[in-house]
Amino acid sequence: MFIMHGILLFAVINSAKEAFSIKQKKKARLFRHLGKCLGSYKRWTIAAAIFGSVEVILEILIPILMSVIVDGGLYREEDFILRSLFPDALVANRNRFVLVVGAGMVFVACLSMLCGLLSARCSAVASQGFAKNLRSNLLQKIQGFSFSNIDRFSTPSLITRGTTDVNTVRTSMHQLLRTLSRSPIMLVMATVMAFTIAPRLALIFLFSIPLLAGVLIILMKIGQPRFKRMLRKTDAMNRAVQENLVSSRVVKAYVRGDYESERFRDTAEELRQATLSSSRLFTLTGPIQMLIMWGCTILLLLFGGREIIFHTTGLLTGELVSLVSYATQAVNSLTAISWLIMSMSRAQASLVRINEVFDESQDIADGPCGEPVKDGSVDFEDVCFSYTKNADKPTLNHITVHIRSGETLGVIGGTGEGKSTFVNLIPRFYDTLSGTVRVGGRDVKDYTLQVLRDGVSMVLQNGTLFSGTIADNLRWGKPDATLAEMREACAIACADEFIDRFADGYETMLEQNAANLSGGQKQRLRIARAVIKHPKILILDDSTSAVDMTTDEHIRSALRTALPGTTKIIIAQRIASIMACDRILVLDEGKLSDIGTHEELMSRSHIYRDVYQSQMREEAAAHGKG
C-alpha cells in the first residue's frame, strides 16, 4: 500500500512539475505576485478548504453506512433461518434498523451537500476577489510603465493579459480551491478504506494510477505549445478588433469594410482552430476516466462476486458495494486532479504572460525630491538618446540648450528628426542615454514623477479625449476646476466658441475618442485641458495642425497674455506658428543645427531658410489658385 501511495505521489508531483515548467526563480516571483492578490480574500480561501475537507470526510462515511444497511439489514445469511422462525419480529427489526441507519445516511449526505455548497461559495468569492485584485495590480503596474516599457508590449497584448489571461487564472484558481480541498483527501481516504475492506481487490484500481498519470504527462507535453499558440491568436484577434473600432471612419472612407471583415474572419478562424486544437486534449480525459472507472468496477464485481459466491474469503455483499463506491471515489478524485493539472497546464501560459508584466523592470523610478518645480527653466546638457539603447544609433545626439523660465521656444525640423523625443525627455517619459536634463535647476531624475509631471502640461501629437462630458475631460488637468476656470481655459484655447453652441455646453457627452468632434475641436479641447493646470512648462507637440491660421495665432497670443510666467515649447511644422517665438530651435538628424530668433535663423541657417521659403512659395501658390 505504501509503495503504491508513493507511486501516486510521485506521479502527481511530476505532473505538476511538467505543468509548471518555469525556472525556480521565476516561479517564486510568480507566486509572490499571486499571493499579494489574495489580500482580504485569504479567509474565504481558507474557509473553502475547510468546508471542502469536511465535505469529503462526510462523503467517505456514506459507503460505510451503505455497507451496514446491506449487510446488517437488507441481506444476512442467518435471515434464511430466522425468517422461518420469527418472520414478523425479523421484518420489524430489519425495517427499523434500515430506517435508522438510512436516516443517518441521509443526514450525512445533506450535511455533506451543505458543506459542498459552502465550499463552492467561498471558492467563488475568493477566486473572483483574487481576479479583481490581480487586474487592479496589473493595471497599476502598467500605469507605472515608461513609454519604453509600453513599447515592449503591444496594446492588444496588454488587453488580453488583463482580461483573457486573468479569467483563465481565475477559473484555474476556483478549480484549485475546490479540487485540492477534496480530491487528495478523498483519494487517500478512499484508498485506505478500500484496503481496510479488501486489500487484494483494492490493488485493482490502484494499478490504474500510474497509467493515468503517464497519459496526463503526454497530454500536457502536447498541450503547452497549443495553449501558447491559442493566446497568440487571441492577441491577433484583439488587435484586429481594436484597429477596426478605432479606425472605423478610415475603413468607411476607403470602402474597405469587406476587406476588413474578411481579414477579421480569417483571424477569428485561426483562433477557432487554435482553441479547438487545445480543447481536444481536455475532451480526452473524460473517456479515459470512464474507461478506467468502469474497468475497475467490472473487475471488482467479477473477482469480488466470485469470493462471495464461493466463500473463498470473508467478504460480504455490503462490503463489495462499499468497495465499488470507494473505487469510484478514488478514480473520480484522481481524474479531478488530472483535470486540475490539465487546467493549470493551460493556465501556465497565461501565468507566464501576466508574470512578464509584473517582472518588467520599470525604466523610470521616482527620485528622492518631493518639492514642487520652482520655475519653468529647462536645461539640456550634452544629451544623447536612443530608443534602442544603442549609442551608435542615437535619436538625439549631444544636445545642449538652455531655456529660460517664461520663454517661448519653437522647435522645428523634418519628420523623424527627434522633435517629439526632445520634449518627451522633459516630463521624463524616457530617460537619456547620456547627459542631463534639468527642470527648475534640478535634474529630472531627482524629482518624484508626480511632482515633475504636475509641473508640466503636455499636449501630445496624438492625444486622447476620454468618454464622458467635456467638463470631465477638462478636469483631467485640474480635478477641482470650477466652471469659471474651465471657461477661462477654453477661451485661451478658442474652444469656448464651439462648446457654447452645444445644447448641453460643458456637460456635452463625448463619444469614444471624441468621435463627435472635429479634428480642430479635439486639438483645442486638449490645449484647454493642459492650460487649466497653469503649469510651469507647457509643451504643444504639433497641437494646432488641424486649426486655421487665424485660430492658431489667437491661441498663441492668448497663451502669451494669460500665462506670462509659463515656459512654452511649441513644436510645429508651419514656420508661421513659431515665427513670433522668443527663440526657435532647429533639429537636423537628431542634432542641434541652430537656435535663435526668426531673423537670426533667416540670416545664418540654410535649413530654416529653405523650409521658410518653401512654405511661403506653397502658400503663395495656394492663394494664387484661390
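Only heavy atoms go into these numbers, but all of them, side chains included; no hydrogens, no water, no symmetry mates.
With contacts defined as side-chain heavy-atom distances shorter than 4.5 Å, the pair Phe422/Ile571 does not qualify. Looking at heavy atoms from C-beta onward, Ile527 lies in side-chain contact with Thr544 at the 4.5 angstrom threshold. The side-chain heavy atoms of Ile570 and Leu538, taken from C-beta on, include no pair separated by under 4.5 Å. Between Phe429 and Arg453 the shortest side-chain heavy-atom distance falls below 4.5 Å. Inter-residue side-chain proximity for Thr597 and Ile584 is flagged as unmet; no heavy-atom pair is nearer than 4.5 Å. Lys445 is not listed as a side-chain neighbour of Arg438, based on a closest heavy-atom distance of 4.5 Å or more. Two residues are said to be in side-chain contact when any heavy atoms from C-beta on lie closer than 4.5 Å; Tyr447 and Arg428 fail this criterion. When side chains are defined from C-beta on, Ile403 does not count as touching Asp379, because their heavy atoms never get closer than 4.5 Å.
A salt bridge links Asp165 with Arg353: at least one charged nitrogen is closer than 4.0 Å to a carboxylate oxygen. A salt bridge is defined here as a Lys NZ or Arg NE, NH1 or NH2 lying under 4.0 Å from an Asp or Glu carboxylate O, and Arg574 with Asp552 meets this definition. Electrostatic pairing of Glu356 and Arg161 counts as a salt bridge here, judged by a charged N lying under 4.0 Å from a carboxylate O. The residues Glu417 and Lys591 are annotated as not salt-bridged, no charged nitrogen and carboxylate oxygen being separated by less than 4.0 angstrom.
Between Ala572 and Asp542 the shortest heavy-atom distance is CA-OD1, 4.3 Å. The shortest heavy-atom contact between Val373 and Asp375 is CG1-O, 3.1 Å. Residues Thr432 and Phe385 share a closest heavy-atom pair of CA-CD1, 4.3 Å. Summarising the geometry of Thr45 relative to Ala126, their closest heavy-atom pair is OG1-CB, 3.5 Å, with the distance given to 0.1 Å. When all heavy atoms of Cys494 and Thr551 are compared, the pair lying nearest together is CB-CG2, 3.9 Å. Here the closest non-hydrogen pair linking Ser605 and Asp594 is CB-OD2, 3.8 Å.
Remark: side-chain polar atoms of Thr469 are not paired, donor with acceptor, to backbone N or O of Glu507 under 3.5 angstrom. Using a distance-only test at 3.5 Å, with no hydrogens or angles considered, a donor-acceptor pair links the side chain of Asn516 to the main chain of Met509. No donor-acceptor distance shorter than 3.5 angstrom exists from the side chain of Gln523 to the backbone of Gly520, with no hydrogens or angles considered. Remark: side-chain polar atoms of Glu485 are paired, donor with acceptor, to backbone N or O of Thr482 under 3.5 angstrom. In this structure, the side chain of Asn424 engages the main chain of Ser420 through a donor-acceptor pair within 3.5 Å. Here the side chain of Ser577 pairs no donor or acceptor atom with the backbone of Gln573 at under 3.5 angstrom. Between the Ser127 side chain and the Ser123 main chain, a donor and an acceptor come within less than 3.5 Å of each other. Of the possible polar contacts, none joining the Lys419 side chain to the Leu587 backbone as a donor-acceptor pair under 3.5 Å is found. Counting only distance, with no hydrogens or angles, the side chain of Asp588 and the backbone of Ser593 share no donor-acceptor pair below 3.5 Å. Side-chain N or O atoms of Ser386 include one that pairs as donor or acceptor with a backbone N or O of Lys393 at under 3.5 Å.
Ile595 CD1 to Tyr608 OH: the interatomic distance, rounded to the nearest 0.5 Å, is 12.0 Å. Remark: Glu269 CD to Lys233 NZ distance equals 11.0 Å, nearest 0.5 Å. Between the OG1 atom of Thr567 and the NZ atom of Lys536 there is a distance of 9.5 Å, given to the nearest 0.5 Å. Between Leu138 atom CG and Gln143 atom CD the span is 11.0 Å, to the nearest 0.5 Å. Rounded to the nearest 0.5 angstrom, Ile607 CD1 and Glu589 CD are separated by 8.0 Å. With values rounded to the nearest 0.5 angstrom, Leu351 atom CG is found 9.0 Å from Leu134 atom CG.
With a 6.0 Å radius and a threshold of 12 heavy atoms from other residues, nucleotides or ligands, Arg609 has its CZ atom above the threshold. Remark: Arg121 CZ is loosely packed, at most 12 non-hydrogen atoms of other residues, nucleotides or ligands lying under 6.0 Å away.
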* To do: Give the C-alpha distance, both sets of side-chain angles, the deciding distance and a yes or no for side-chain contact (heavy atoms from CB on, under 4.5 Å) between Asp541 and Ser543.
  => CA-CA 5 Å; Asp541 186 357; Ser543 56; 5.9 Å; no

* Asked: Does the side-chain contact (heavy atoms from CB on, under 4.5 Å) test come out yes or no for Ile426 and Ile569, once each step is laid out?
  -> CA-CA 11 Å; Ile426 297 173; Ile569 302 176; 3.5 Å; yes

* side-chain contact (heavy atoms from CB on, under 4.5 Å) evaluation trace for Met486 with Ile532 -> CA-CA 7 Å; Met486 288 189 279; Ile532 201 170; 3.8 Å; yes

* Asked: For Glu371 and Arg442, what are the C-alpha separation, side-chain angles and deciding distance, and is it a salt bridge (Lys or Arg N to Asp or Glu O under 4.0 Å)?
  -> CA-CA 11 Å; Glu371 298 178 6; Arg442 190 187 298 273; 3.6 Å; yes

* Check against side-chain contact (heavy atoms from CB on, under 4.5 Å), Val383 and Thr436 -> CA-CA 6 Å; Val383 170; Thr436 304; 5.8 Å; no

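For Asn473, the side-chain contact (heavy atoms from CB on, under 4.5 Å) criterion is met by Leu465, Phe466, Leu510, Arg529, not counting sequence neighbours.
Under the 6.0 Å cut-off for aromatic ring centres, Phe380 and His402 do not qualify, their centroids lying 6.0 Å or more apart.
Tyr387 and Thr421 share a side-chain donor-acceptor pair at under 3.5 Å. Using modelled atom types and a 3.5 Å distance limit, the side chains of His598 and Tyr612 yield no donor-acceptor pair.
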Output a table of donor-acceptor pairs, distance under 3.5 Å, between side-chain atoms of residues 496-504 and any protein atom two or more places apart or on a different chain; print 'none' if there are none.
{"unit_1": "Glu497", "atom_1": "OE2", "unit_2": "Arg524", "atom_2": "NH1", "d": "2.9"}
{"unit_1": "Arg501", "atom_1": "NH1", "unit_2": "Glu497", "atom_2": "O", "d": "3.2"}

